Structure formats: C-alpha cells, structure tokens
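Just below is one structure, and these are the notes that go with it.
Letters A, B, ... mirror the listed sequences (proteins, then strands); counts begin at 1. These numbers come from a predicted model, not from an experiment.
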Amino acid sequence: MLRRNFNFTAMRLSACFLVVLGVMLAVSGTACASQENSIKAAYLYQITQFVEWPEPRPSPDAFHLCVFGVDQISNKLAPLHMREEEGGHIEVLFPTNLIDTLNCEIIYISKEKAQALSSILKALQNKPVVTVSSIKDFVKSGGMIGFTIINNTVRLEINHSAAIRAGIYLNAKLLEIASFVMNSQSGGKR
Amino acid sequence: MKALSLISIRNKLVLIIFSVSMVVITVIGSVHFFLDIQHAKKAMRHDLTSLTELLGNRSSAALAFDIDDLATENLGSLLHINNVVQACVYKNTGDLFASYHRESDQVSSCPNSDLLPGVGSKFDSSQLVVVQEIFQKEMSLGKIYLASDLTPIKAVLWNIGLFSFLALIAASLISFILASWLQGFISKSILNITDVANSIIEKGDHSQRVAISGADEVAKLGGAFNDMLDALEKQNAQINRIEKMDALGQLTGGIAHDFNNMLGVIVGYSDLLAETLVDQPVMSKYVDEITHASERGAALTKKLLSFSKVNHQEVSDCNINTLLLNFHHMLSRTLTSRVEMTLHLEKELWPVWIDEGGLVDVILNFSINAMHAIEGNGRFDIQTLNTTVSHPAAASLGINQGDYVVLSFVDTGCGMDKGTLSHIFEPFYTTKGENGTGLGLSQAYGYMKQFDGVIKVESQPGEGSTFSLYFPRYSKKFECLLVTENQPVPSVQAGSGVILLVDDEVALLALNHELLEKNGYTVVSVDSAEKALDILAHQEVDLLISDIVMPKIDGYQLASIVNEKFPRVKIQLVSGCPDASRSALKDKTLSDNMLMKPIKLDTLLNRVDALLSSADELLDLEA
C-alpha cells in the first residue's frame with residue numbers, strides 16, 4: 001500500500017486550515033447547523049491528513065472530495081473546488097449516482113440518503129472510498145467514519161474494519177481521537 | 001624549591017612521581033568529568049527532544065480535531081517522568097491548547113507563545129527547554145513546549161564527583177605506593193654511591209666499592225666512582241711511598257752529612273799523619289788502610305746522598321741510545337755469557353737532561369740485579385721508547401703529563417711478589433742477603449727523582465721483572481753546570497793569604513785550620529756565621545771557607561751577606577749535605593763550585609790556591 005500522493009504545500013495548507021479552524025473556533029461549543037456544518041467540513045478536510053489510500057488512485061493529480069446527496073455541508077466545501085495545490089488540485093464533486101461515487105477518495109453521504117444507506121454502502125464496500133456521514137449509527141451500518149455530537153462537540157466514530165477491508169489505512173492518531181472505534185474482532189467501544 | 005633541595009633524593013623522587021601522577025590523574029579526571037557532563041547534557045537534550053517530538057506527534061490529531069482533553073490527557077503521561085517540570089501545547093494561532101505542570105512544583109502558567117524560544121533546545125541555569133513544531137503531513141498544527149529541570153545532570157555530576165573523589169583517593173594511594181616502589185630503581189644506586197662515599201668520609205676506608213647493577217647513567221656514575229676510588233687508592237699508595245721515601249731520604253741525608261763530617265776528620269788527620277810517618281813504612285801502611293777505609297765510607301755516603309737527591313752531579317742533555325751503545329760491550333761482559341742481552345732502541349730518541357755518569361751507575365745496578373735474578377740462562381732486554389704520557393696514566397705514575405723517554409729493563413728472572421715490590425726502593429733493603437748493599441735501587445730511585453722522572457715496576461713471581469724509567473723529554477738548552485770536585489787539579493804550592501774558616505763541627509774546623517796553616521795560610525776559624533761576620537767586620541780576610549749546614553745562619557745566608565757587605569772576600573762553600581735552599585743563592589757559582597765532604601787535602605789546597613790567585617789577579621788589574 002502506497003501513501004497518498006496528494007502533496008499540499010505547508011504554507012497553503014496552513015492558510016486553508018487557519019480559515020477552516022477560524023470557522024471551527026467560531027462555532028465551537030454551539031450546535032447550530034451552520035456552525036456544525038462548518039466543523040464537519042473542516043473535519044472532512046482534516047480526515048484526509050490521517051488517511052492513506054491504496055494505489056492507483058483514480059486520478060493521481062487530483063483529489064476528489066464528494067458530497068452524495070443534498071446537504072448544507074456542500075456550501076462549506078464548495079470554496080475548495082478546483083483550488084490548485086502543489087502536486088494537484090482539489091475537486092469537490094457532487095455525484096448523482098453510485099457509479100460516479102467510485103471516483104471519489106472521500107465521500108460525505110447526506111442524511112437524506114439514510115434510506116438508501118445500506119445499498120450505497122454495499123456498492124462502496126471494499127472500494128477505496130472513505131465513507132463519511134452524520135447519519136445515526138452510520139459506522140454500525142458499515143460506514144467508515146461517522147460524525148456524532150457529544151457534549152455539543154462534534155466527535156468521530158470509526159469503523160476500522162470497514163476501512164481495512166477497503167484497503168484504506170487510518171492513522172492511529174485518528175483512531176485515538178475517535179469517540180468510538182469498531183473493530184471486526186472486538187466490535188469494541190471506546 | 002629551597003625546601004625541596006633539603007629533602008633526600010628518595011623523598012624527592014617519591015614527591016616528583018607522586019606529583020606527576022596526581023597532575024596527570026587530575027587532568028584526565030577533569031577532561032573525563034567535562035566530557036561526561038557534555039555527554040549527559042547531550043543525552044538529556046536528546047531524550048527531552050525525543051519526548052517532545054513524541055508528545056507533539058501524539059497531540060497532532062487532538063490539535064487537528066480541536067480535542068483539548070485528549071491533548072491534556074497525552075501530556076498527563078509526563079507524570080511518570082519526574083524531571084519534566086512543564087509541558088504546553090499551543091495552537092497555530094498561538095493560543096494555549098493544553099498544558100501540564102509537575103505536581104510537586106508550584107503551578108506556574110505556560111509562557112506566552114510569543115515569548116517562546118525558537119524551535120530547538122536550550123539550556124539555561126536551572127532547566128532545559130525544548131520547543132518543537134507539531135506537524136501533520138507537513139502541515140504545521142501548532143507548537144509544543146517542554147521544560148525539564150537538570151536533575152539528570154545533577155545526578156551525573158554527583159555520581160561523577162563521588163566517583164572522581166573516591167578514584168582520586170585510590171589513585172593517590174596507588175600512586176604513592178608505586179612512587180615509593182619505583183623510586184628505588186633510581187635512588188638505590190645513588191644511595192649506594194652515597195653510602196660508600198659516607199663510609200669513605202667517616203671511616204677513611206678507600207677499599208669499599210659501589211655495587212654496579214644495570215647499564216644506565218647511574219650505573220656509569222657508580223663505575224666512574226669506583227674508577228676514581230681505584231685511581232685515588234693508587235695515588236694514595238704512590239703518595240705514601242713517596243712520603244716514606246722522602247722521609248728515608250731525609251734520614252739517610254742527615255746520616256750521610258754527619259758521617260761525612262766524621263770521615264772528613266778521619267781523612268784529614270790521616271793525610272797529616274801520612275806526611276809525618278813517611279819514614280815509618282809500617283805506620284804509613286796503617287794510615288793507608290785508614291785512608292782506604294775512609295774512601296770506602298765516602299763512596300757509601302755518596303750512594304746514600306744519591307738516594308736522598310742531594311748528590312752533586314754533572315748534568316747535560318744526553319741521548320740514552322748513545323750511552324747504551326757506548327756501554328753495550330761492558331754491560332754484556334758484566335752480565336756474563338749465560339744472560340743474553342738485547343738492545344731495542346727507539347729511532348730518533350728524544351734527548352733527556354740528566355747526569356750521564358749517574359745513569360751509567362743506574363744501568364749497571366739494574367743489569368747486575370737482573371743477572372742475580374736470572375738463575376741459569378736467561379734474557380735481559382734494554383729498550384728505549386719515546387712516549388707521551390697523558391691523564392690518567394700520568395696521575396697513576398705520579399708524574400706530569402707530557403713527553404717522556406722510557407728506558408726499560410726487562411729480565412726473565414725470578415720476579416718479585418707484592419711484598420718485595422713495596423720495599424725494593426728503600427735503602428738497605430735487599431733480597432740478596434750479604435751479596436747486596438740494598439742501595440742500588442734506592443740510588444736509582446733518588447736519581448730518577450732528581451730529574452723529575454719515575455720508575456715503574458711490573459713483576460710477578462716466576463715471570464721476570466720490567467723496570468721502566470720515565471725521563472722527561474729535554475726541550476731546552478741549559479748551560480752545563482759542572483762539579484769541580486773531580487776536575488783535574490794542578491799541583492799544590494805553599495800559599496799565602498788570610499782565610500776565615502767557619503764550621504760548627506769543631507773537630508773538622510780544627511783539622512782544616514791546621515791543614516791550611518801548615519800550607520802557609522793565615523787562618524782564623526770560628527764555629528758560627530755570627531762570629532765570622534764579626535771577624536770580617538774587624539779584620540781583613542781574603543777567603544771565606546764556610547760549611548753550609550749550621551744553626552741560625554747557614555752557609556748560604558752567610559755567603560749572601562758577605563757577597564753584599566764584603567765583595568772582595570772570596571767564598572768557598574763546603575758541605576756534607578747540600579739542600580735545595582741553594583736556589584736562593586744569587587751567585588750560582590758558589591753552589592756549583594761547592595766542595596763535598598770529605599774533602600781531600602789536595603782538593604782543598606788547589607781550590608784555595610785557585611780562588612786566592614784569581615783574587616790577586618783582580619787586585620793587579622785594579623792596581
């Protein structure tokens with residue numbers, strides 16, 4: 001398994017992160033939807049720092065950040081679209097069918113897709129696509145990373161087994177900060 | 001340094017070795033201590049930097065996802081690392097994100113991010129501070145700050161200090177023991193020499209020698225010390241021998257002087273008696289026997305005086321080779337046919353300043369001794385050699401350094417043991433019993449001393465003997481001073497004139513008075529120089545005849561006074577034992593023309609006649 005070849009420059013990433021973090025800080029401790037989406041958008045971006053995808057990726061010079069279904073988070077991610085970075089650019093995509101989702105490195109599944117979640121996850125099962133969603137019990141349903149609210153704070157739940165099956169490596173640090181990590185053997189909680 | 005010079009060589013060496021060891025140990029210990037401290041600081045810096053990187057790495061996700069509890073929990077793991085005082089995690093904005101403070105310390109807040117030192121590590125007086133940037137995939141997420149007290153270094157300092165102190169004490173003891181042991185390698189030999197030197201100083205025992213071990217400089221010093229003692233012992237023996245021989249010389253000289261005076265009386269009165277007994281043949285024969293015995297006695301005293309260096313001889317530059325060749329035939333006959341004599345002569349032999357007649361006597365003495373030493377057939381070699389004697393051979397022989405002519409007599413006779421060798425030059429010492437007088441070698445010894453030479457003897461019982469005579473090389477031309485004693489004398493006629501006789505030997509004085517008076521001279525005789533001067537002050541005197549050895553004013557002093565106050569008075573000195581003080585005499589002819597006792601009547605009258613005649617000639621010239 002090779003490490004992801006998406007090489008941002010430290011400066012630009014820092015600038016970007018500062019923007020996102022500023023938003024995060026602004027909404028920290030509040031559960032209003034806008035702030036929550038901002039935090040989740042920042043988390044989506046941050047997650048890429050702790051994940052490694054198997055080679056070959058669909059497009060070596062572009063990173064595909066997808067939103068499947070209608071969701072307010074799209075507005076928060078849209079500014080990143082086509083932003084040129086050293087070594088490639090970010091493409092924020094909004095696939096409309098499951099076939100297109102296979103080109104994504106990371107896909108956020110909106111709550112409106114909750115009914116079709118099992119079929120979506122089935123379609124993406126064992127595919128090198130990190131599935132993220134705010135749908136309740138998302139990781140228990142087979143998704144990889146789920147957002148949850150604990151004490152008015154956005155936290156992560158992780159299905160490590162699903163990631164492993166898809167050939168995706170999740171950094172231990174990411175597992176460390178997760179409020180819940182599910183493994184196939186232990187199905188453990190944290 | 002002055003105090004150092006007062007302590008013994010043993011303690012000096014211990015002190016030097018100990019001091020050098022301690023300085024070396026201290027320097028090495030200091031360097032080691034410094035390196036250990038540097039190593040401890042480097043290790044501590046490395047450990048804290050690694051810890052900071054680890055904590056920063058672990059805090060990156062917490063920073064990325066803004067989970068400060070997790071970061072604080074991570075920092076809480078420092079609880080088990082005692083020396084970490086404080087840890088702080090800052091966001092990229094500079095805001096404090098998480099912190100840790102050691103419980104035992106009073107809680108102090110994390111420093112403002114603006115006041116943080118640059119990334120890296122830095123020691124100050126009380127702590128080590130490490131600041132690291134927290135990255136996640138090359139993206140800076142914030143900073144982490146760790147401060148540690150210097151407990152690890154203090155522990156190292158304490159451990160090293162304690163170890164160094166104990167090591168220093170142990171090293172001091174070992175160094176002192178080693179120094180005390182090692183100094184013996186140097187001091188033992190030196191102390192050995194010192195002990196021998198002290199023993200010589202305190203006991204005067206020159207027979208001790210330094211025990212030599214090894215071949216270092218001290219051993220060479222010991223060897224040189226032993227050589228010096230050997231040389232000193234030889235020189236002492238030489239000096240003792242010389243002193244003994246000088247004492248014997250003085251003794252025999254004194255005896256000869258008195259004996260000569262007695263002989264003088266005997267000879268003089270024998271002459272007078274002979275004149276009165278011309279018509280009595282039997283009595284004349286008795287007188288002749290007395291005269292003959294006196295002459296033999298005179299010959300004996302001559303030999304004694306020769307030993308005591310007071311003989312009066314004819315000296316000139318001489319080539320010993322020529323002398324040997326002239327006497328070769330005579331020597332061969334002396335040695336008889338059973339002894340084969342060979343001459344080995346140096347070509348172009350250097351001249352020497354000696355009395356040839358005396359040397360002939362010496363050569364004859366050695367030849368006769370060799371003949372007596374050789375039982376049956378044997379060989380007797382006479383060799384001459386030019387040689388340069390330098391130190392230490394000169395010191396060993398007791399002569400000055402320089403060029404010498406060596407005349408050697410080598411025989412194949414019975415040889416001599418050490419006991420005999422130590423006495424052979426003493427007068428009357430003989431191994432021939434009644435066949436020897438014991439004066440031959442003592443005469444040779446006195447002869448050589450007179451000419452600043454020396455005799456070297458090498459002999460072993462049964463292996464023959466070698467006598468080597470060292471004569472100083474002659475390099476100046478001296479006017480040959482002649483003794484007139486043996487000069488042919490003109491016939492004696494009755495004389496006239498006033499003669500003042502001075503001699504403390506009253507019998508001899510009366511004899512000479514009568515002899516001279518009988519021959520027509522007016523004689524005034526006194527027994528002291530003082531009386532003579534009194535006479536001279538009141539009476540006209542033509543000739544002063546004075547003995548030399550007298551109490552208060554001797555003959556030389558009297559002659560000097562008379563020369564000065566009464567220059568017209570002729571002077572004749574006579575002596576049975578002239579000594580070296582004659583060199584003080586201004587008029588050298590007085591000493592050179594001295595008459596040796598016993599004086600034959602004819603000799604005395606001829607000399608008086610000659611002196612008074614020359615006085616008359618002077619008066620005629622003046623007239």
- Query: Would you call the rings of Y43(A) and F65(B) parallel, tilted or perpendicular, where under 30° means parallel and over 60° means perpendicular?
  - Reply: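 Rings of Y43(A) and F65(B): perpendicular, over 60°.
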
- Task: Taking all non-hydrogen atoms of both residues into account, name the closest pair between I177(A) and A61(B) and its distance.
- Result: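 Closest pair (atom of I177(A), atom of A61(B), distance): CG2-CB, 3.5 Å.
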
Can you establish whether the number of heavy atoms outside [X] located under 6.0 Å from its atom [atom1] is more than 12?
X       : atom1 : value
I99(A)  : CD1   : no
Q127(B) : CD    : yes
E217(B) : CD    : no
F176(B) : CZ    : no
F163(B) : CZ    : no
K111(A) : NZ    : no
H81(A)  : NE2   : yes

- Task: Please identify each residue that fulfils salt bridge (charged side-chain N to carboxylate O under 4.0 Å, His left out) with K41(B), with sequence neighbours left out.
- Result: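 Applying salt bridge (charged side-chain N to carboxylate O under 4.0 Å, His left out) to K41(B) gives none.
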
- Query: Given that the side chain runs from C-beta out, which part of L156(A) has a heavy atom under 4.5 Å from chain B: side chain, backbone, both or neither?
  - Reply: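 Side chain only.
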
- Item | Residue-level contacts of residues 52-60 of chain B with chain A, using a heavy-atom cutoff under 4.5 Å |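 From residues 52-60 of chain B, the residues near chain A are N57(B), R58(B), S60(B).
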
- Message: Taking the side chain as everything from C-beta on, heavy atoms only, tell me whether K173(A) gets closer than 4.5 Å to Q136(B).
- Response: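 Sidechains of Q136(B) and K173(A): in contact.
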
- Query: In Å, rounded to the nearest 0.5 Å, how long is the span from CG of L70(B) to OG of S179(A)?
  - Reply: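 Here the rounded value is 11.5 Å.
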
